[in-house]
Every structure is written in C-alpha cells, then in structure tokens.
Amino acid sequence: MPLNKRQFSPLNAAVLLAVLVLSTLFILESDDCYFFYWKYNSILDFLLTRPDTAHATIVSVPQNGRYLGNLIGVCLAKCFESPLFPLRIVYVSGGLFLLSWGGAASLACRERRREAFFFLLSMLLLAHRGIWQEVYSWGAAYANYLTPMAAVCCLPVLLRRTEQANRPGRWCALLALVGFASCLFMETVTLFLLAAASLALMEQLRRLHRLPAPFLWLWLGTVAGTAVMFTAPGYGAVGSDGLRQAGLDLMVQNILSIFIGTMVRPAVPALFITGFLLWHLRRQRCRWWGLCALAAVPIHLVCLAEWCKDLADPGNLLLPEPSLPLALVGMALAALWLVMVLLWRGGQAKQKVLLLILALCLFSAPLLVVSIGGNRNFLPSFVVLCLVCLVLYDSAREAGLKLLRWPRALALLSCCALIFVYGVNCRVYYQRLSYAREQVAAGADSITLPLLPFAGFARNEQEWKGDLSYQIYRETPWDVSFTFVSYETWTESGQSLGGD
C-alpha cells in the first residue's frame with residue numbers, strides 16, 4: 001500500500017500521536033527556569049531578552065546574538081503552568097513535523113513525499129540519548145537548535161517557489177526575511193547559512209553569468225542576519241568569561257569530539273546510511289560491495305555498543321573527554337562512506353549526497369575552534385545524517401526497493417519507551433514542585449529533594465542543581481536553599497513527595 005495515496009494509516013497516526021504525547025511531558029530545565037521567572041522593564045527588553053536584574057539575583061543572562069531563539073525560549077517557558085501550555089505542545093511537535101516536511105519536500109521525489117516525511121520523522125525520533133536530553137526535551141535548546149534547522153530544510157522549498165513565481169517580488173522579500181530570521185538562533189547555523197548562500201550565489205554567477213534575484217535576496221538576508229547576530233556584546237567576552245573558550249589550541253581535542261559526536265553516537269541513522277549504500281552498490285554489481293560490508297561490521301558494532309553504553313549516562317552536563325579509539329572508529333566510518341559514495345553510480349541522488357557531505361563539513365568547521373558544550377552542538381550534523389538517509393532511501397525506492405514500514409514501527413516503539421521515561425520524570429517533577437512549595441509556605445528555609453528517576457534524559461539533574469530556585473522561593477529567587485539527592489537514595493530513605 002503506497003504511502004503517497006491519501007488513505008488512513010494507523011501506523012502513521014500512531015507515530016504522530018506519540019510525538020504529541022511526548023511534547024506534553026517535557027518539563028522546565030536549566031535556562032527554561034530562568035526564562036520562566038524573568039521580568040522585564042519594557043517591551044524592547046522583552047524582545048531582546050534583557051531581564052530586570054535590579055530586584056533579584058539573575059544568572060545566565062544571554063549576551064549572545066540568538067535574539068529570536070532566546071525570545072522563543074522565553075515564550076515557551078512562560079507558557080508553562082499557564083493556560084497557554086498547549087502552545088508548547090504545538091511548537092515542540094510542530095518543529096519536528098516542519099523539519100520532516102521541509103526535508104521531504106526538498107529532497108524526495110514528489111510522488112513519495114508523504115512516505116519521505118514519515119521516514120525522515122522516524123530517523124529524527126531514533127536519535128541517541130544525548131539529543132533527547134539536550135535538544136528535544138529542553139525548551140531553550142529546542143528553540144535555538146532545532147528551529148533554525150527546520151528553517152534550513154524549508155529554505156530550498158521557498159527558493160524553488162520563488163524561482164517559479166510569476167511575480168517573485170513578495171517571495172523574494174519573504175525569502176530574505178526567512179534567511180535573516182534563521183540567522184538569529186545558533187551561531188553554527190548562522191555561519192552555515194552565510195557560507196551556503198554565498199556558495200550558491202557564486203555557483204549561479206558561474207553558470208548563468210548573472211545574479212538571480214532569489215539567490216541574491218537570500219544572500220542579503222543571511223548577511224544582514226549574520227551582522228546582527230555577531231554584533232551582540234557577549235562575543236567579545238569569549239575566552240575570558242570562564243564559560244566559553246575559542247582558539248586554535250582546541251582543534252586537536254575538538255576534532256576527536258566531532259568525529260565521535262557526528263559519526264559514532266548517531267548509531268541508528270549511521271547504520272541506515274551504510275545499509276542503503278551497500279544496497280546500491282550490490283544492485284549496481286560493484287565488486288567491492290562485499291569488502292565494504294565486511295569493513296562496516298566491526299565499525300557499527302562499536303557504534304552500537306557505544307549507543308547502548310550511553311543509555312546509562314547519569315545526565316552529565318559536559319561531554320566526557322574524547323577517546324582516540326572512538327574517534328578513529330568515526331574516522332574509519334567517514335572514510336568508508338566516502339569510498340562507497342564514490343563507487344556508487346547514483347546520478348542526481350549522488351549529487352545531493354555530496355552536497356549534504358559539504359553541508360556536514362560546513363556545520364562542523366566552526367566547532368573546531370570553540371569549546372563544545374554538549375551533544376546539542378551536534379544536532380545540525382545529526383539532522384544532516386538523517387537527510388542523507390532520506391536521499392539514499394528515496395533513491396533506493398526509485399530503483400525498486402519495496403516500501404519499508406519497519407523504520408516507522410521502530411520509531412514508534414522508541415517513542416513508547418520514551419513516553420514511559422518522560423512520563424515518570426514528569427510525574428516526579430510535578431510532585432517535587434508541589435512538595436517544595438508546600439514546604440516553603442510552611443516556613444522552611446532549607447529543603448531536601450530528589451533528582452528525577454531518569455536523570456540522563458533531563459538537562460540539569462545534578463546534586464548542585466540551582467535552577468529550581470527560580471520556580472520555588474519565598475520573596476526572591478535563592479532565598480530558599482535546596483539539597484538534592486538521587487531518586488534511589490530518596491526512595492530508600494522512606495521519604496515521600498506526597499501523591500507517590
């Protein structure tokens with residue numbers, strides 16, 4: 001039963017419903033709690049996320065140029081514990097849906113776009129633990145990292161529509177506006193957009209000996225957005241603020257982290273990419289496909305073992321020191337893919353894959369010289385890998401591969417497990433919040449609370465955790481002290497949050 005026909009699919013409906021349910025379970029973590037509390041002296045201060053620091057201890061005030069991402073993060077946090085909570089559900093689920101639609105509309109055959117949408121959505125849902133912890137479930141990171149990637153995937157669709165329009169003036173303006181807005185989220189995405197728009201404009205000039213209006217307007221929008229972002233005052237403090245570092249001396253360690261975060265940890269999409277490339281090579285009767293398959297086995301066994309090991313992570317805020325053996329595995333996988341892509345006679349699909357490889361390099365290049373904060377920094381590269389999966393799958397379908405339903409079933413199974421994980425965390429979170437507020441109302445100055453049961457799937461479940469001070473206080477944040485213990489220690493002590 002082809003997915004391009006408009007008929008009801010229980011499996012598709014179940015995947016969409018699972019995403020919606022998950023969106024209801026994500027709580028406030030880290031920056032979200034600051035955003036939840038922050039008050040502003042004017043509308044302009046609100047739009048620029050400049051909170052009032054005169055009447056309370058305010059930490060982590062953003063000094064970066066992520067103006068639109070921070071604003072959306074604040075709005076998402078303000079919707080928490082308010083009648084506007086459904087807007088959080090719409091935004092979180094809608095972001096994944098929009099990214100999947102944009103990728104499918106940009107890269108897949110028109111007749112299979114519905115099928116491509118669900119395949120790409122399945123790949124995104126099969127993300128490793130770090131992406132769920134640091135992007136999907138964390139409102140501030142979701143706004144700043146996933147939103148611009150959704151825009152990047154939609155820009156080719158908008159560009160194509162602008163080229164086809166009889167009166168492209170309004171479309172050019174919209175294209176410039178989207179390009180400008182997309183630069184106000186995440187620095188690596190901003191630099192990618194500037195580089196990609198510049199390269200596309202130069203390619204059009206080389207081919208046509210002129211500058212087509214859509215490409216020129218997109219370039220102007222990204223140039224303006226980049227200028228606005230990097231004129232923010234905070235970037236001058238990089239290297240001296242104790243939070244962020246930059247410099248060529250970081251390159252050796254960062255290149256190891258990049259190969260691990262980009263190639264090793266996304267074990268599921270990596271396995272799909274290798275599988276589809278092997279399918280294509282075998283179909284074209286390439287004599288090297290067996291040797292490539294033999295080389296792929298130990299590499300993917302290591303990746304899957306690391307994926308399983310990562311599931312037990314207790315929720316560390318920082319990435320572990322990069323391991324040279326793991327980085328070498330990532331390099332071996334990258335080399336294997338490059339060899340297989342060069343051997344593949346893929347035509348237009350191969351060109352798309354090569355362009356995505358270039359995009360992967362552009363996204364990763366800035367990370368060489370700045371401190372890498374966590375798994376969220378690899379969200380753009382993870383999305384690119386999912387897009388490569390989509391191109392290879394769509395090409396295989398064109399070449400005769402039967403419809404694959406099991407990736408959607410696997411994504412649904414993963415979502416069901418995650419609904420349990422985030423459901424338990426959400427229940428304990430609300431119980432903890434209610435219990436602490438009751439204690440404060442009773443006059444307590446110091447409160448002991450448990451961390452969430454599945455701390456590895458939440459952003460900031462640490463024993464020195466302080467962000468809850470912006471949700472629980474007597475008059476101002478930090479006027480009540482908190483002590484956190486593991487959930488196991490809490491339950492073993494026989495204490496109760498009430499409603500257990």
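Position 1 is the first residue of the sequence, and the numbers go up from there.
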| message | Could you work out, with side-chain hydrogen bond (donor to acceptor under 3.5 Å, both in side chains) as the rule, every residue matching Arg129, not counting sequence neighbours? | response | Gln133, Asp310

| said: Among residues at least two apart in sequence or on other chains, which ones pass ring-ring contact (aromatic ring centres under 6.0 Å, His included) with Trp464? | reply: none

| request: Would you name the heavy atoms of Ser100 and Leu124 that are closest together and state the gap between them? | output: OG-CD1, 3.5 Å

| said: Is it the case that atom CZ in Arg282 sees more than 12 heavy atoms from other parts of the structure closer than 6.0 Å? | reply: no

| task | Would you check if the side chain of Asp394 reaches a backbone N or O of Leu390 as a donor-acceptor pair within less than 3.5 Å? | result | no

| message | Test: ring-ring contact (aromatic ring centres under 6.0 Å, His included). Region: residues 177-205. Which pairs qualify, not counting sequence neighbours? | response | Phe192-Phe363

| For the side chain of Ser395 and the backbone of Val391, is there at least one donor-acceptor N/O pair under 3.5 Å apart? | no

| Quick one: side chain to side chain donor-acceptor pair (under 3.5 Å) pairs with a partner in residues 176-191, sequence neighbours left out? | Arg66-Glu187, Glu187-Tyr235

| request: Could you tell me whether the side chains of Asp31 and Asn70 share a donor-acceptor contact shorter than 3.5 Å? | output: no

| query | When the ring planes of Tyr429 and Phe80 are compared, do they come out parallel, tilted or perpendicular, using 30° and 60° as the limits? | reply | perpendicular

| said: By the salt bridge (charged side-chain N to carboxylate O under 4.0 Å, His left out) test, which pairs, at least two apart or in different chains, include something from residues 130-159? | reply: Glu134-Arg376, Glu134-Arg459

| field | Gap between atom CG of Leu71 and atom CG of Leu76 - 0.5 Å precision | value | 9.5 Å

| query | Taking the six-membered ring for Trp, are the ring centroids of Trp406 and Phe272 within less than 6.0 Å of each other? | reply | yes

| task | Please say whether more than 12 non-hydrogen atoms of neighbouring residues, nucleotides or ligands are located less than 6.0 Å from CG in Leu248. | result | no

| Pairs flagged by ring-ring contact (aromatic ring centres under 6.0 Å, His included) wherever residues 129-154 is involved - sequence neighbours left out | Trp132-Tyr136

| Within the distance-only criterion (no hydrogens, no angle test), does the side chain of Tyr487 pair as donor or acceptor with the backbone N or O of Val428 below 3.5 angstrom? | no

| Partners of Asp32 by side-chain hydrogen bond (donor to acceptor under 3.5 Å, both in side chains), sequence neighbours excluded? | none

Anything under 3.5 Å between a donor and an acceptor, one on a side chain of residues 221-230, the other on a protein residue two or more places apart or in another chain? List them.
from: Thr222; atom 1: OG1; to: Leu218; atom 2: O; distance (Å): 3.3
from: Thr222; atom 1: OG1; to: Trp219; atom 2: O; distance (Å): 2.8
from: Thr226; atom 1: OG1; to: Thr222; atom 2: O; distance (Å): 2.7

Show which side-chain atoms of residues 342-357 pair as donor or acceptor with protein atoms under 3.5 Å away, not counting sequence neighbours.
from: Arg345; atom 1: NH2; to: Gln284; atom 2: O; distance (Å): 3.3
from: Lys350; atom 1: NZ; to: Val341; atom 2: O; distance (Å): 3.3
from: Lys350; atom 1: NZ; to: Leu342; atom 2: O; distance (Å): 3.2
from: Lys350; atom 1: NZ; to: Trp344; atom 2: O; distance (Å): 3.1
from: Lys352; atom 1: NZ; to: Leu107; atom 2: O; distance (Å): 2.8

For residues 250-270, run the donor-acceptor check on the side chains, cut-off 3.5 Å, and write out each pair with its distance to 0.1 Å, sequence neighbours left out.
from: Asn254; atom 1: ND2; to: Leu367; atom 2: O; distance (Å): 2.8
from: Asn254; atom 1: ND2; to: Leu368; atom 2: O; distance (Å): 3.3
from: Asn254; atom 1: ND2; to: Val370; atom 2: O; distance (Å): 2.6
from: Ser257; atom 1: OG; to: Gln253; atom 2: O; distance (Å): 3.4
from: Thr262; atom 1: OG1; to: Ile258; atom 2: O; distance (Å): 2.9

| Student check: side-chain heavy atoms of Cys303 and Leu271 closer than 4.5 Å | no

| Is a donor on one side and an acceptor on the other found under 3.5 Å between the side chain of Thr24 and the backbone of Val21? | yes

| said: My understanding is that only one of Ile372, Val383, Leu385 makes a side chain to side chain contact (heavy atoms under 4.5 Å, CB included) with Phe378; could you say which? | reply: Ile372

| message | By the salt bridge (charged side-chain N to carboxylate O under 4.0 Å, His left out) test, which pairs, at least two apart or in different chains, include something from residues 188-204? | response | Glu203-Arg206

| field | Under the salt bridge (Lys or Arg N to Asp or Glu O under 4.0 Å) test, residues paired with Glu29 that sit two or more places apart | value | Lys465

| request: Keeping the roles fixed (side chain from Glu461, backbone from Leu452), state whether a donor-acceptor pair exists under 3.5 Å. | output: yes

